[in-house]
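Just so we're on the same page: letters track the sequence lines, and every chain starts at 1. The structure displayed is predicted, hence computed values, not measured ones.
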Amino acid sequence: MQLLESQLISLLHHCTNLNHIKRVHAQIIRHGLHQSSFLLAKLIRTLTKLNAPMDPYPRLAFQQVKQPNPFLWTSLIRGYSFQRPLNESILLYNSMRRVGTGPVSFTFTALLKACAATLDADLGRQIHGQTITIGGFASDLYVGNTMIDMYVKCGFLDCGRKVFDEMPDRDVISWTSLIVGYARRGDMDLAGGLFDELPLKDMVAWTAMVTGFAQNARPREALCFFDRMQDAGIETDEVTLIGVISACAQLGATKYANWVRHVAEKSGYGPTNNVVIGSALVDMYSKCGSVDEAFKVFDNMRERNVFSYSSMIVGFAMHGRANAAVQLFHEMVKTDIRPNGVTFIGVLTACSHVGMVEHGRHWFATMEKSYGVTPTADHYACMVDLLGRGGCLEEALELVRTMPMDPHGGVWGALLGACRIHANPDVAEIAAVHLFELEPNGIGNYILLSNIYASARRWDDVARVRKLMREKGLKKNPGSSWVEGKKGEIHEFFAGDVTHVKSREIRQALEDLVNKLQLHGYKPNLSCVPYDVSDEDKKRILMTHSEKLALAFGLLSTSAGCTIRIVKNLRICEDCHSVMCGASQIAGREIVIRDNMRFHHFSDGKCSCAVYNSWCKFLLRIYGMTNHIAILPLRESVLLSGKFERYEVRGGRKDGRTSQESDALLNLPPPSANVLSLARKGPSLDDLVTLSGEAKVQCPSQESPIPSILLQFSGL
DNA sequence: CTAGGGTTAG
């Protein structure tokens with residue numbers, strides 16, 4: 001009989017589908033073993049493993065047994081704890097108590113796990129109470145460990161700690177649960193303290209530290225722990241690697257990234273056969289600036305999920321490849337993988353970064369209707385960014401006012417950013433009022449507002465904002481940039497940094513570069529320095545921006561032709577952006593910069609971000625004017641917005657005589673129009689008008705680059 | 001027969 005039972009147990013153990021189980025069940029009945037709690041419990045556990053619903057089959061199987069033992073009760077309770085309703089687990093527990101069957105430790109682990117899964121701390125506390133009332137579980141490792149985990153997951157870390165402190169015996173699992181609790185709260189000091197005290201550290205404990213640092217945006221420490229882990233001879237599995245890959249993605253360190261991929265492949269967790277590793281690597285490669293490599297990995301993946309697609313779409317978006325992002329989205333919806341909120345963040349930012357306003361509107365309007373994804377405040381922030389950058393500030397403001405949830409800082413911040421681009425202090429004021437309330441210490445908002453006032457020449461307001469900043473004692477977030485050295489080591493530079501061993505050479509190289517650029521017409525953009533100092537000091541400060549230091553170091557330390565990759569913690573400033581453009585041309589180098597918004601690929605004097613944030617010089621020649629309105633036959637893909645500083649009119653096409661020269665400001669209409677209205681006395685029909693100055697030019701896709709120095713249009 | 005570590009986000 002014993003032998004038969006263990007044979008049937010073994011059969012159940014290997015069942016992989018429902019019919020299989022039913023056949024074994026039939027054998028159990030045929031052999032008259034249908035009252036065996038032991039066998040039926042195994043049967044129900046197997047059904048749970050296969051995700052079969054507890055109602056009706058497992059439940060009926062349970063009801064056949066006249067005297068279920070605690071293990072059989074628990075198997076059903078546990079089954080419900082993996083499924084809903086959780087209530088059913090509790091009802092069963094009550095029935096079990098009523099018939100006088102004593103719970104065992106397994107019962108409590110099942111119930112507590114259910115509480116953790118549903119984040120029901122109240123219920124968890126009651127079950128905790130039960131273990132005390134009934135007694136005898138105080139020294140049970142399993143119950144204690146599950147209880148810690150339950151409290152940690154429900155956000156009651158202190159309760160978890162109390163359970164931990166009161167346990168007579170603890171093991172590495174108790175410690176790890178608590179370490180994870182502190183890590184999730186962001187307290188890596190406490191987590192690290194516990195880890196140091198932990199007598200026996202296993203792979204999971206180490207991994208908790210590595211991922212803890214990675215999730216708290218401390219990639220360097222994550223990688224450092226991974227190194228220590230390897231030195232300690234601890235094995236690595238896929239979960240460890242995911243944390244390490246995420247850290248590499250944050251750092252943007254190419255050499256380290258390639259090494260990690262190698263480690264993953266060597267340990268049998270290659271991207272082709274492992275979706276999670278594959279998706280993480282896609283994200284890592286795009287964030288390291290290699291979006292093509294990311295796509296190669298993506299393309300070779302045998303299985304993909306919503307993470308893989310979203311990471312790739314977001315990757316394309318960051319690199320300004322909007323068409324690729326949208327196309328991949330189309331491919332995705334043909335599969336049975338449903339897009340989620342993150343997928344749409346990717347699609348919307350892709351449209352936003354290249355000015356595809358109409359596309360963006362379309363996706364925003366259909367995301368809920370066609371794909372069942374309800375827009376969150378983050379999606380509204382994307383839309384505000386998209387409309388705002390596109391020049392539709394009023395519409396953007398209207399969207400913020402009518403959105404169904406309270407706009408958060410990101411939403412107003414997007415609007416304020418757009419006001420900077422389109423020099424609109426009126427809308428900016430509205431956004432700023434809300435931002436100062438939501439993020440009273442967000443220094444960036446004050447700087448932005450002050451810059452917007454400055455471009456409108458509203459100096460009193462500039463002074464007012466600066467005074468506000470002084471009163472609040474706000475300090476500028478230190479800018480920092482890093483670049484990889486020859487061996488993959490990371491060199492980090494802070495704004496104004498002179499501590500690097502090669503500091504003198506770096507400064508010299510930078511000076512040489514800027515001198516050359518000035519011969520090509522570069523002028524330092526003093527408005528990038530938000531302090532009340534002399535112009536000379538502003539120039540000096542501009543020269544110490546961290547991304548310029550990183551660039552100079554990159555030029556010095558790599559050989560000609562090598563791509564220079566820089567990561568910056570804040571958004572790249574406009575002045576640095578134009579220096580990068582110039583440097584890419586003069587030095588004949590490709591420069592790739594990741595800032596906190598997106599990637600910039602500089603080559604031949606141009607940036608892939610297509611000018612949303614850079615002014616460019618232009619020359620326009622227009623023939624044929626009526627009613628002071630020039631119809632510019634702009635190429636569909638090129639849109640202009642901004643102010644013309646000067647224009648010049650030569651009367652008649654033939655004589656070429658200059659009839660008028662003016663410094664009048666000519667305002668261009670929003671970029672969706674191709675109508676240019678000339679203020680004041682406009683030229684007549686036969687005149688040749690030459691406009692020169694600086695304007696912001698936006699270019700909807702990387703596939704249609706614009707000439708950034710000279711734009712020539714001949715009209716009508 | 002129970003318990004701990006997991007990838008995407010302007």
Side-chain angles (χ1 to χ4, degrees), chain A residues 9 13 38 41-42 44-46 48-49 71-72 74-75 78 81 104-113 116 140-150 152-153 171-181 183-184 202-212 214-215 237-246 249 271 274-284 286-287 305-315 317-318 340-346 348-350 352-353 376-386 388-389 409-411 413-414 417-418 571 596-598:
Chain A
I9 290 281
H13 192 76
F38 185 49
K42 178 68 186 175
I44 292 177
R45 271 199 308 278
T46 314
T48 304
K49 197 173 74 190
F71 294 98
L72 181 53
T74 301
S75 67
R78 182 165 176 275
S81 77
V104 287
S105 61
F106 301 85
T107 321
F108 289 118
T109 53
L111 289 168
L112 290 167
K113 212 180 167 111
D140 190 285
L141 258 180
Y142 287 92
V143 173
N145 287 347
T146 319
M147 202 120 66
I148 297 174
D149 183 57
M150 183 273 298
V152 163
K153 289 217 171 91
D171 66 2
V172 64
I173 295 174
S174 339
W175 290 82
T176 309
S177 299
L178 209 54
I179 289 172
V180 168
R184 294 224 175 111
D202 68 1
M203 176 174 71
V204 179
W206 278 98
T207 303
M209 289 304 290
V210 172
T211 34
Q215 288 167 343
D237 75 354
E238 56 173 339
V239 184
T240 321
L241 286 169
I242 288 159
V244 178
I245 292 169
S246 162
N274 187 317
V275 231
V276 186
I277 292 281
S279 310
L281 283 176
V282 166
D283 176 59
M284 180 189 78
S286 4
K287 286 189 178 148
N305 61 18
V306 65
F307 285 89
S308 340
Y309 275 99
S310 303
S311 297
M312 195 64 244
I313 289 172
V314 168
M318 279 191 301
N340 65 15
V342 181
T343 321
F344 279 101
I345 294 275
L348 293 175
T349 55
S352 174
H353 281 162
T376 65
D378 289 338
H379 296 99
Y380 278 89
C382 291
M383 274 313 282
V384 170
D385 186 60
L386 173 85
R389 281 167 191 266
V411 178
R571 189 170 181 163
N596 61 349
M597 306 293 288
R598 55 171 306 162

- Message: One pair to check against side-chain contact (heavy atoms from CB on, under 4.5 Å): Leu386(A) and Leu348(A). What are the steps and the verdict?
- Response: CA-CA 8 Å; Leu386(A) 173 85; Leu348(A) 293 175; 5.6 Å; no

For [X], answer base if it contacts any base atom (sugar-phosphate contacts may also be present), sugar-phosphate if it contacts only those atoms, and nothing otherwise; contact means non-hydrogen atoms under 4.0 Å.
X	answer
Lys287(A)	sugar-phosphate
Lys113(A)	sugar-phosphate
Ser311(A)	sugar-phosphate
Thr146(A)	sugar-phosphate
Thr240(A)	base
Asp171(A)	base
Thr211(A)	sugar-phosphate
Val180(A)	sugar-phosphate
Val104(A)	nothing

For a quick check, tell me whether the side chain of [X] and the base of [N] share a donor-acceptor pair closer than 3.5 Å.
X	N	answer
Thr176(A)	dG4(B)	yes
Asp202(A)	dG4(B)	yes
Thr207(A)	dG5(B)	yes

Measure from the side-chain heavy atoms of [X] and tell me the nearest of [options].
X	options	answer
Val342(A)	dC1(B), dG5(B), dT8(B)	dT8(B)
Lys153(A)	dG4(B), dA3(B), dG10(B)	dG4(B)
Asn305(A)	dT7(B), dC1(B), dG6(B)	dT7(B)
Ser310(A)	dT8(B), dG4(B), dG6(B)	dT8(B)
Cys382(A)	dG5(B), dT7(B), dG10(B)	dG10(B)
Asp149(A)	dA9(B), dG4(B), dG6(B)	dG4(B)
Ile173(A)	dT7(B), dA3(B), dC1(B)	dA3(B)

- Message: Would Phe307(A) count as stacking on dT8(B) if stacking means ring centres less than 5.5 angstrom apart and planes tilted under 30 degrees?
- Response: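 A stacking contact does not exist, since Phe307(A) is not both close and nearly parallel to the base ring of dT8(B).
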
- For the atom pair CG (Asp283(A)) and OG (Ser310(A)), what is the distance rounded to the nearest 0.5 Å?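 It comes to 10.5 Å.
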
- Item | Value rounded to 0.5 Å, distance of CZ in Phe71(A) from OG1 in Thr107(A) |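 OG1 of Thr107(A) is found 8.0 Å from CZ of Phe71(A).
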
Length of the line joining [X]:[atom1] and [N]:[atom2], which is rounded to integer Å:
X	N	atom1	atom2	value
Asn145(A)	dG5(B)	CG	P	11 Å
Leu241(A)	dT7(B)	CG	P	13 Å
Asp378(A)	dA9(B)	CG	P	12 Å
Asp283(A)	dA9(B)	CG	C1'	10 Å
Asp237(A)	dT7(B)	CG	P	13 Å
His353(A)	dG10(B)	NE2	C1'	6 Å
Leu281(A)	dT8(B)	CG	C1'	13 Å
Met312(A)	dA9(B)	CE	P	13 Å

May I ask you to verify if any side-chain N or O of [X] is less than 4.0 angstrom from the OP1 or OP2 atom of [N]?
X	N	answer
Gln215(A)	dG5(B)	no
Arg184(A)	dG5(B)	yes
Arg598(A)	dA9(B)	no

- Message: Assess, by modelled atom type and distance only, whether the side chains of Asp149(A) and Thr146(A) contain a donor and an acceptor separated by less than 3.5 Å.
- Response: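 Side chains of Asp149(A) and Thr146(A): no pair found under 3.5 Å.
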
- Kindly indicate, with the supporting measurements, whether the criterion side-chain contact (heavy atoms from CB on, under 4.5 Å) is fulfilled by His353(A) and Met318(A). CA-CA 8 Å; His353(A) 281 162; Met318(A) 279 191 301; 5.7 Å; no

- Message: One pair to check against side-chain contact (heavy atoms from CB on, under 4.5 Å): Leu281(A) and Ile245(A). What are the steps and the verdict?
- Response: CA-CA 7 Å; Leu281(A) 283 176; Ile245(A) 292 169; 3.8 Å; yes

- Message: Go through it in stages, so that I can follow the logic: the residues are Thr343(A) and Val306(A), the test is side-chain contact (heavy atoms from CB on, under 4.5 Å), and I'd like the CA-CA distance, side-chain angles, deciding distance and then a yes or no.
- Response: CA-CA 8 Å; Thr343(A) 321; Val306(A) 65; 3.9 Å; yes

